[in-house]
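Only this structure's heavy atoms are used, side chains among them; waters, hydrogens and symmetry mates stay out. Numbered from 1 within each chain, the chains take letters A, B, ... in sequence-line order.
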Amino acid sequence: MSFNKKSPWILHYDATSCNGCDIEVLASLTPLYDVERFGVVNTGDPRHADILLITGSVNGQSIPVIKQLYEQMPDPKAVVAVGICATSGGIFADCYNVEGGVDKVLPVDVYVPGCAARPQSIIDGILKACDILEEKQKALKGR
Amino acid sequence: MMLAVKILLIIIFTPLAGGLLTGFDRKISARLQGRQGPPVLQPFYDVLKLLQKETIEVNPSHRFYVYVSLMFIILTALIMLTGGDILLTIFVLTLGSIFFLLGGYASQSPYSVLGAERELLQMMAYEPMMFMTAAGLYYVSNTFFIRDIVNRKMPAIIYLPAIFVGFVFILTFKLRKSPFDLSLGHHAHQELVQGISTEYSGRSLAFIEITHWYETIIALGFVYIFFAADSIGTHILAVIVCLIVYLFEIILDNSTVRVKWQKALSLAWLVSGVLGTANLVVLSFFNF
Amino acid sequence: MGKRTVVPFGPQHPVLPEPIHLDLVLEDEKVIEAIPQIGYVHRGLEKLVDKKDFKQFTYVSERICGICSFMHGAGYCMSVESIMGIEVPERAVFLRTIWAELSRIHSHLLWLGLTADAFGFESLFMHTWRLREQVLDLFEQTTGGRLIFSVCDIGGVRKDITPEMLDKIVSVVTNMDKELRDVTSVFLNDSTVKHRTVGIGLLSKEKALELGAVGPMAKASGIRRDMRTQGYCAYKYLEFEPITAEEGDSYARMQVRIGEIFQAIDLIKQCIEKLPEGDIITKIKGNPKGEHFTRVEQPRGEALYYVKANGTKFLDRFRVRTPTFANVPALLEILKDCDLADVPILILTIDPCISCTER
Amino acid sequence: MSLIMLLILFPFITSVLVYVIREEHTRNAIMRIGAAITAVLTLAAAFRFFGAGLRVSVGGTEVIDICILIVEVCLAAYIIMTGIRERKYLLSFFSAIQIVLILWFEFTQKKGIETGTDIIVDKLSSVMILIVGIIGSLICLYAVGYMKSYHVHHSEVKERKSFFFAVLFLFLSAMFGLVLSNNLMWMYFCWEITTFCSYLLIGYTRTEEAKNNSLRALTINVGGGLAFAGAIVIVGTNFHIMELSALTAKRPVPLVLAAVFLLCVAALTKSAQLPFSSWLLGAMVAPTPSSALLHSATMVKAGVYLIIRLAPLLGETVAGRIITLVGAVTFLACSLMAISQRDAKKVLAYSTIANLGLIVICASVGTRESIWAAILLVIFHAVSKSLLFLSVGSIENELGSRNVENMDILMDVSRKLAVCMIIGISGMFLAPFGMLISKWVAMKSFIDSKNILIVVILAYGSAATLFYWGKWLGKLVSNGHPKKGEQHPGLHLDEKIPIIIQAVIVLLSCVAYPVISKYVLIPYLQDTFGVAAVIPIGAGDQTLMILMVVMISLLILVPLGYAPTSFLKKRRTTPIYMAGENSGDNKNFVGSGGVKRKSEMSNWYMEGIFGSKRIGFWSNIISIVLLCAGVILLIGRWAS
Amino acid sequence: MSILSMTKTLFKSIVHGPYTENYPAKPRENYERTRGSIENDIEDCIFCGMCTRQCPTGALEIDKGEKRWSIERMQCIQCGYCVNVCPKKCLHMRNQYTAPDTEKVKDDYVARISDH
Amino acid sequence: MDEQKIKEISPDEILIETVDLHSAGYRLVAISCTGKDGVELSYSFDKDYDFIHLRVNMDYDTEIESITPIYGYAFLYENEIKELFGVKIKNIIADFHDKLYRISEEAPFKEKEEE
């Protein structure tokens with residue numbers, strides 16, 4: 001029995017988001033969407049987190065930060081790229097200080113499209129990530 | 001033999017009750033906030049998940065303190081629930097808390113240390129009232145033993161109303177509820193990240209959570225002592241009061257800000273000073 | 001002399017929705033020194049003028065920031081319209097104003113919620129954001145987007161608001177007004193909230209002037225400056241008084257913002273009353289040539305848009321000076337000698353929009 | 001009897017020997033042997049007289065009295081001269097009045113006063129000589145190692161080790177005399193000798209600061225001596241007795257109380273209670289062995305010892321009440337002030353004063369239970385505090401600093417020292433160690449005697465105690481990062497042995513308390529009060545013992561935390577959380593401007609609230625007012 | 001001085017019950033204008049390339065020969081500019097947004113080769 | 001919209017002009033820079049909605065004096081321009097030494113050679 005599915009704790013990091021997806025992530029915690037129904041807690045601490053939610057594309061300065069946060073998370077862990085910028089760089093892909101989507105740095109498990117991604121999409125994304133977490137947990141046990 | 005069974009039951013059922021209370025807490029909080037909220041068993045899911053997860057360490061020793069802390073908290077629960085000495089309960093509880101915050105220091109990570117520092121401050125803030133609670137209970141019953149205190153004719157609350165109020169005030173610290181959740185809150189947005197528990201993951205974090213469950217029950221146990229006497233009715237009343245107090249703490253949690261340390265310290269000391277002293281002085285005036 | 005505590009604050013930090021870094025030097029919990037570092041969100045989108053033509057750039061300018069998205073778009077469009085000498089249809093102007101004021105409500109509610117969260121008042125955060133959702137819902141019904149609308153275009157707006165929808169907006173904001181009174185009275189009257197805001201982050205009028213603060217930051221210090229009084233968009237047809245406060249602390253800023261929410265509700269009602277019929281967009285021809293500085297009053301304060309065009313479809317330069325950028329010196333000032341516990345509140349008190357600031 | 005004589009004289013002889021022999025190795029050997037023999041003698045004396053006790057009258061007191069007088073006159077002359085030379089006229093004034101008083105008394109009034117018992121060895125004095133002898137000799141042994149490193153670090157201080165060691169032993173000798181004498185005149189003499197020795201020890205480094213502080217200590221203690229002399233005069237002229245035991249047997253009539261009050265004031269100066277505490281804080285400039293000797297086992301304990309002796313006359317009386325309140329103010333104020341201190345020795349100093357305050361409270365409340373607690377507190381405090389002082393001394397040599405903040409690397413530098421330090425600190429405030437048990441009993445006795453104010457003060461003082469020890473403990477367990485290439489001299493064997501022995505004593509003491517209670521305290525209390533004593537800790541003693549054992553075994557587990565816990569499973573170790581800006585190691589983060597910046601962590605001191613200036617000022621005023629009130633009340637009582 | 005002034009709102013919401021939309025269990029109904037995903041009535045498409053040139057993010061691609069119009073779902077910002085510029089008005093915006101996925105989805109629309 | 005009030009000045013006049021405006025009670029709104037065909041700096045000032053601009057045209061090699069001694073909060077603008085455009089600005093109070101944004105590319109807005 002894996003409990004990852006029942007209590008996915010998220011860590012949210014804003015790489016270079018325009019705040020759109022960012023506040024939608026926060027909005028998904030609020031009464032209307034209430035992701036805590038699925039046991040989601042926005043921890044703010046990589047050590048406690050299971051899912052790393054990244055909004056926005058990455059730039060030179062945020063790459064080491066993201067890498068570090070990912071490293072500090074305990075296994076099993078999943079990465080969810082929220083919003084078009086995080087998945088591919090979006091409209092900013094051509095900017096000089098944008099390296100591209102999160103997949104340039106970390107193995108992304110779930111892409112959540114949208115500009116800005118809606119709370120419903122984010123909920124879907126988290127639930128999808130839960131399944132991935134469970135698989136990873138099984139893989140860990142098997143090892 | 002009976003004692004062994006009793007000890008075993010306490011060790012098993014205390015955290016279960018604590019976890020369940022926490023679950024209800026989260027559910028009720030969510031409802032107060034207009035949300036659906038997680039399932040009641042959510043705290044258990046969380047802990048079970050944490051037990052399955054990887055445990056990362058930052059240095060070889062920091063996790064250790066959490067385990068010792070848990071052991072002492074269990075010991076506290078044992079002393080308390082088997083009707084032991086109330087001062088000893090407080091001392092061992094303090095010891096448990098000290099070990100917990102040493103864990104924060106040991107990880108030598110900025111936010112853990114800040115959290116430990118605040119935790120220490122909180123302990124300093126609530127300790128006088130704990131002390132005076134024990135003093136008051138001893139005053140009215142002439143014994144430190146909980147089993148004797150709860151077997152008196154009259155519940156202690158009759159003589160110690162002010163101390164009880166002061167104690168409920170302090171309880172907010174112990175339960176880590178706003179306005180006094182300075183060192184480690186259950187809410188996400190805290191300037192200290194996660195305070196002492198910042199560096200703990202997986203199993204160690206699960207133990208911290210379990211420790212908190214024990215602590216919740218221990219804290220409510222004190223409330224119970226105030227109301228219990230040698231009739232069944234008072235015991236039922238005591239349980240009901242515990243639940244009401246817990247509910248009150250939840251509502252308080254949801255309708256106050258997190259105060260700053262200066263305020264927390266001065267408020268706690270003021271309240272314990274005024275209420276505790278007044279109660280004791282009145283008692284001694286009537287030469288009880 | 002003992003040692004001090006030196007801790008990194010951010011970029012990843014639960015109280016910071018956006019990455020910004022401070023080297024905090026503390027003694028006990030008193031902040032001795034706070035050295036900022038930005039650039040975590042810097043994308044360099046102003047440079048995109050080389051790659052996106054001036055029409056596409058509308059969508060870029062909307063994405064400067066997801067909170068004040070609409071006004072960024074409108075500000076850019078107004079600059080280009082000024083350069084090209086386009087007459088924007090009156091109805092479009094009024095629609096812009098309605099959306100702008102709705103954005104103001106949503107932005108201020110968002111800020112109120114985050115502030116509540118920063119001082120550990122979770123339920124207040126939840127209720128504030130619950131009310132905010134109603135505004136977002138209006139956005140979605142009228143424009144299709146919750147945060148980024150893609151509705152403002154050079155020459156006007158792309159979508160009209162139907163009369164039924166206008167009625168709905170009025171009823172929603174009227175309803176919200178009632179519920180907001182309850183919630184904002186907690187912000188303004190609860191003594192525990194006051195403990196965290198009154199006297200925190202004091203910025204005197206002189207300091208505010210000296211540091212070039214804008215928006216609610218300046219208004220709360222008693223500076224009566226509001227770009228809307230200059231009458232861009234439909235503001236010239238509307239009646240309103242800029243809201244100011246004198247104390248210059250976090251509480252005063254909260255007062256100003258809460259006042260602006262109710263003011264915005266009133267302005268929306270005025271707009272809907274006076275909304276003329278007609279076209280919503282003027283067709284544009286050719287490419288812009290020339291330069292223009294435009295100033296608008298965003299929820300966070302005065303924003304400056306500078307567009308320089310050379311007659312081709314690619315602009316020479318687009319520059320935006322966002323209100324947060326102007327408020328950073330004031331933030332550094334109020335961070336001096338505060339408590340660690342105040343740091344999140346003080347950072348929030350300027351209503352920071354880092355992604356605006358760094359672009 | 002001869003054993004007692006030997007006990008007092010042997011340290012004196014050693015002292016002379018050490019002073020005369022300047023050759024390093026021989027002297028060290030003598031020191032070690034001297035310390036060992038002193039300890040053995042102490043044990044022997046304690047065991048020999050433990051059961052029956054001893055009450056003797058020494059023949060030929062005349063001769064002894066004359067000798068004492070001569071020494072006293074010489075001392076007074078020296079002190080007066082010093083006072084004049086250093087422009088400390090108050091000191092000269094105190095000393096002059098004192099010697100005049102004593103001389104006047106000796107030659108005009110003393111005729112016809114017979115002393116029945118000059119020396120009493122009972123349970124209390126056995127405990128005291130055990131503390132003085134064992135801990136004192138351990139400190140002397142420690143001094144051998146410490147001073148060696150001390151002079152390496154402090155090359156600016158002139159080496160006067162012989163002198164230093166000699167004074168240490170002289171001190172022990174005087175201390176033995178003090179606790180064993182029943183003759184007030186002799187006690188007074190030893191009292192003065194300890195004062196003088198402390199002056200010499202504090203002034204050892206001869207820096208300006210040391211000189212000033214030593215003179216301050218001298219002034220205050222000579223002032224106390226003056227009070228003592230006054231008490232002797234009152235007792236001698238009015239009641240024609242010269243024995244402490246006879247005094248305590250008197251009924252508390254106003255004149256007796258006046259004498260007791262004066263003796264208590266003397267005791268308060270010795271025990272550094274407010275408003276006389278400044279000398280103890282100043283004494284921290286001295287090399288650590290002297291601090292350890294003065295502030296844990298001997299000098300300051302002399303004061304509380306006297307108050308415990310006087311306890312039957314305190315309690316409900318005016319003098320008792322006043323002394324209790326002074327103790328309470330001291331306890332609370334110093335516990336609070338300790339929070340704002342960074343210097344390890346300052347923290348220890350404030351904690352010492354605070355704990356002495358507690359002992360003073362317990363002793364002056366004067367119920368059986370409170371005295372029970374007082375004596376236990378004396379024992380446990382001496383044991384733990386000397387361990388702390390010695391450890392801090394060694395830490396200072398190791399780290400080159402005694403700032404608490406710098407001790408975060410101690411775990412890496414010297415694990416043994418760190419563990420000893422942790423044991424010592426735990427001994428001061430944590431369950432299951434003696435201090436806490438004693439506090440517990442103290443609280444019980446305060447409630448029983450309806451001293452509500454004291455209960456409240458105890459509650460707050462303990463909370464403050466928790467804070468400052470807690471944060472220090474935190475520094476010790478934190479795994480700091482020592483700078484690369486820094487030299488740490490390592491522990492000298494002469495330092496290591498005493499520290500480890502003391503740590504073991506601290507650990508043992510927490511299981512030993514029922515034994516002490518049963519065989520020492522209850523008989524003593526029975527003797528003193530003449531009533532069948534009760535066991536202060538309730539019926540649950542057995543369970544309690546089991547719990548204690550459980551707790552100790554848990555505590556012993558602590559060092560195990562440093563053993564590799566990962567034999568079973570390899571755990572991933574990652575850098576600490578630094579908001580995503582860790583620069584790779586655990587020391588630095590990438591700060592603003594992309595610069596590597598060292599992350600530092602420091603404790604809270606809250607100087608705005610607990611700063612020693614404000615609290616110190618007000619608490620001094622309160623205690624002065626209290627003492628004045630005591631004087632007025634006593635005069636009023638006497639007049640009516 | 002007012003403490004616990006929040007309780008009014010709190011009790012109100014207890015009485016009102018949760019505001020939560022039970023999202024995945026109860027699917028959300030989008031508004032008519034909701035910006036979801038771009039769809040192409042591929043049969044009407046003339047593959048003029050207007051949309052691909054104007055798309056701010058370059059999410060669109062056409063292949064005239066194979067008569068294929070494709071869209072990178074994970075690159076589209078739903079600005080609707082392509083809809084605006086499309087001369088045949090064959091592009092339109094559906095009010096259902098793209099679901100999250102573990103892969104970057106690319107949707108192809110291929111017109112039947114018909115004989116005009 | 002309203003008319004733009006732009007006043008052209010030479011690089012060495014900047015301090016004098018700024019001091020005048022400062023003493024007249026103007027507030028600095030922004031410093032903008034355009035990097036095409038040399039450097040074009042616009043200093044925007046405002047007093048009671050009177051919106052005026054100082055325009056400096058110069059080449060990349062010219063050094064310009066910082067106005068931070070007069071308007072302290074100009075340091076953000078000047079650091080930004082210095083870092084993004086590679087304009088030489090001297091005597092900035094609180095100089096970040098091109099580390100304000102810590103971008104990976106050097107002076108991205110500066111006109112590159114090939115154009």
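Contact check for F169(B) versus M129(B): no side-chain heavy atoms found under the 4.5 Å cut-off. Residues L205(B) and V47(B) form no side-chain contact, since every pair of their non-hydrogen atoms from C-beta on lies 4.5 Å or further apart. The shortest side-chain heavy-atom distance between F262(C) and D177(C) falls under the 4.5 Å cut-off.
Under the 30°/60° scheme for interplanar angles, the aromatic rings of F180(B) and F173(B) are found to lie parallel. Between Y67(B) and F207(B), the ring-plane angle classifies as perpendicular under the 30° and 60° cut-offs.
In terms of non-hydrogen atom pairs under 4.5 Å with chain C, the most contact-rich of Q262(B), R35(B), K260(B), R118(B) is K260(B). For chain B, the option among I345(C), D339(C), V7(C), V193(C) with the highest count of heavy-atom pairs below 4.5 Å is D339(C). The candidate with the highest count of non-hydrogen atom pairs below 4.5 Å against chain B, out of V186(C), L124(C), D342(C), D190(C), is D342(C).
Heavy atoms of R196(C) lying under 4.5 Å from chain B belong exclusively to its side chain. Only the side chain of I200(C) comes within less than 4.5 Å of a heavy atom in chain B; its backbone stays farther off. With a threshold of 4.5 angstrom between heavy atoms, E117(B) does not approach chain C through any atom at all. Interface remark: V343(C) contributes no atoms to any contact with chain B (heavy atom separation under 4.5 Å).
Closest of all the heavy-atom pairs between L171(B) and E249(B) is CB-OE2, 3.7 Å.
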